[in-house]
> 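Right, I'll just put the structure down here and ask away after.
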Amino acid sequence: MVFNLNSSNVATRENRIGSITGYIGTLSDLAEQSGCGTLKGCSRCFSQSSTCLSSCALGQLSAIRDVAIIHHGPAGCSVASAGAYYLDKVMAKKRGVTNNTVYVGTDMNEKDTIFGSTDALRRIILEVNKRYSPKAIFVTSSCATGIIGEDIDSVVDDVRDEIDVPIVAVHCEGFKSRIWATGFDISDHAVLSSIVQPPK
Ligand code: SF4
């Protein structure tokens with residue numbers, strides 16, 4: 001499955017390139033089927049204690065200098081920001097640069113996870129833009145917003161005229177894929193579809 005840069009969604013690694021998280025069989029069969037692209041091995045239907053693909057996506061995006069990440073979800077999901085913040089600062093210092101990227105959680109409560117909170121999201125986007133003047137804004141989903149079908153694409157489209165930097169919705173619900181590296185695809189997709197221009 002190819003990337004569609006006109007859509008804010010990106011297919012999971014399971015669907016796009018047939019990645020698997022479990023396999024029962026012989027090594028020779030594994031090698032042969034991997035080679036010809038016919039591998040099917042989704043025998044493991046449950047996993048835990050792995051990382052969340054949101055963390056991969058948002059950690060990668062936050063390493064871009066001077067942008068804003070608005071993580072639309074409960075505070076528990078935004079706890080990944082602590083690790084991303086630390087890593088970004090350390091890496092920036094090692095490279096002799098400054099990274100003023102901000103990572104803001106929308107702190108959805110119980111009521112928000114039932115009725116949605118797109119109005120609050122809209123206000124938060126405008127406030128973050130005013131307060132931090134980022135060079136780009138990534139508005140990201142979480143499991144909670146994915147489950148209730150929060151329409152972050154419409155919110156982003158709605159505020160686009162009021163924001164003079166690239167802004168894009170990033171669909172990184174943690175439940176989307178059992179392969180957390182899908183999060184890296186999602187962050188790359190967001191950058192390609194919102195910031196990178198086609199070659200002239
Ligand atoms: S996005 Fe989902 S999997 Fe990730 S931290 Fe939040 S609830 Fe957990």
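Start at 1 and go down the list; that is how both ligands and their atoms are numbered. These figures come from a predicted structure and were not determined experimentally.
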> Short question: side chain of E150, backbone of S117 - any donor-acceptor pair under 3.5 Å?
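Yes; judged by distance alone, with no hydrogens or angles, the pair exists.
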> Check each atom of ligand 1 against the heavy atoms of C77 and keep those under 4.0 Å away; list them by number with element.
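Near C77, meaning under 4.0 Å from one of its heavy atoms, ligand 1 has 1 (S), 5 (S), 6 (Fe), 7 (S).
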> Hey, is atom 8 (Fe) of ligand 1 touched by any protein heavy atom at less than 4.0 Å?
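When distances to the protein are checked, atom 8 (Fe) of ligand 1 has no heavy atom within 4.0 Å.
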> Atom OH of Y132 and atom CG of N100: how far apart are they, to the nearest 0.5 Å?
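Those atoms lie 11.5 Å apart.
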> Just wondering, is there an N, O or S atom on C143 that's nearer than 2.8 Å to atom 2 (Fe) of ligand 1?
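It does; at least one qualifying atom falls short of 2.8 Å.
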> Got the closest protein heavy atom to atom 4 (Fe) of ligand 1, with its distance?
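Protein heavy atom at minimum distance: C52 SG, 2.3 Å.
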> Is it true that D185 and R16 have a side-chain N and a carboxylate O under 4.0 angstrom from each other?
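Yes, D185 and R16 are salt-bridged.
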> Could you tell me if the side chain of T51 sits less than 4.5 Å from the side chain of C56, heavy atoms only?
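SC-SC contact between C56 and T51 confirmed.
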